[in-house]
Amino acid sequence: MNKLIAWIVFLSLAVGGCATKVSTSFDRQADFSRYKTFCWLQGCEFTFTGPGYMNDSAVVSNLKNAIIKEMEEKGFIYDAENPDLLLDFHVTVENRQTNVYRFEEDRFLQLDPVDQSDVYYFLEGTLIMDIADRETGQMIWRSSASRYLELNPEMTEKNLRKGIGIVLRKFPPKEKK
């Protein structure tokens, strides 16, 4: 019974924490309708900061392709010669843990935890996309998405594209009417 209760508590924490938290800010004075092309911030060379295991050439290629495809679906053209927008991308992953306390069956209704607990480890990942106006050098868009991850997340183009789609969901912002 103790293990069942511990799993119920853990699953409720896990399910409750599955939602992706998205935060977006942008320059309300920027005219997003004038932007048509994009490239990468560092001299149009795709670079990003993130955990070491993402420095695999296949992961880097998947990440780059996911961003390009998402931007193209939004009507932007990749242009390394004369881009309107410069994109920068960051990934952070932090180790997290939670304790799930075991309750004695006869003391459960009193919610009095026993001295023992199970520790569960998980990752919290955050994707951050910065977009700057190349001409002015001003940052005009920033969006980040955070969620809990598996301990060994799959870095497939499909999974990365899903994360990129979430970060860019509201890009470009709708015009005020």
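Just so you know, these numbers use all the heavy atoms, side chains as well, and skip hydrogens, waters and symmetry mates.
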For K21, which residues count as a side-chain contact (heavy atoms from CB on, under 4.5 Å) partner, sequence neighbours excluded?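 Once residues adjacent in sequence are excluded, the partners of K21 under the side-chain contact (heavy atoms from CB on, under 4.5 Å) criterion are E124.
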
Side chain to side chain contact (heavy atoms under 4.5 Å, CB included) for I67 and F89? Distances and angles first, verdict last. CA-CA 9 Å; I67 294 170; F89 190 76; 4.0 Å; yes

Checking [X] now: which residues fulfil salt bridge (charged side-chain N to carboxylate O under 4.0 Å, His left out) with it, not counting sequence neighbours?
X	value
E72	none
D133	R34
E135	none

[X] and [Y]: same hydrophobic cluster, using ILVMFWY side-chain contacts below 4.5 Å?
X	Y	answer
L168	I128	no
L160	V93	yes
V22	I131	no

Using 0.5 Å steps for rounding, measure from the [atom1] atom of [X] to the [atom2] atom of [Y].
X	Y	atom1	atom2	result
C39	I77	SG	CD1	13.0 Å
E70	R161	CD	CZ	5.0 Å
L127	S146	CG	OG	8.0 Å
E73	I68	CD	CD1	13.0 Å
K69	Y78	NZ	OH	15.0 Å
M71	F171	CE	CZ	4.5 Å

Less than 6.0 Å separating the ring centroids of Y35 and F76?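 Ring centres of F76 and Y35 not closer than 6.0 Å.
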
Please give me the minimum heavy-atom distance between [X] and [Y], naming the atom from each residue.
X	Y	value
M139	D27	O-CB, 4.4 Å
K74	R169	NZ-O, 3.8 Å
F46	L63	CZ-CG, 3.9 Å
T20	I166	CG2-CG2, 3.9 Å
W40	E45	CB-O, 3.5 Å

Using side chain to side chain donor-acceptor pair (under 3.5 Å) as the criterion, list what pairs up with S33, not counting sequence neighbours.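 Partners of S33 by the side chain to side chain donor-acceptor pair (under 3.5 Å) criterion, ordered by chain and then number, come out as D31.
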
Between S143 (side chain only) and V167 (backbone N and O only), is there a donor and an acceptor less than 3.5 Å apart?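 Confirmed, S143 side chain pairs with V167 backbone.
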
Students often mix this up, so state it plainly: with edges at 30° and 60°, are the rings of W141 and F26 parallel, tilted or perpendicular?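 W141 vs F26 ring planes: parallel.
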
Identify every side-chain donor-acceptor pair in residues 79-88 under 3.5 Å, counting partners at least two apart or on other chains, and give the distances.
| residue | atom | partner | partner atom | Å |
| --- | --- | --- | --- | --- |
| D79 | OD1 | E81 | N | 2.8 |
| D79 | OD1 | N82 | N | 3.1 |
| N82 | OD1 | R134 | NH2 | 2.9 |
| D84 | OD2 | K36 | N | 2.7 |
| D84 | OD2 | T37 | N | 3.0 |
| D84 | OD2 | T37 | OG1 | 3.2 |
| D88 | OD2 | H90 | NE2 | 3.3 |

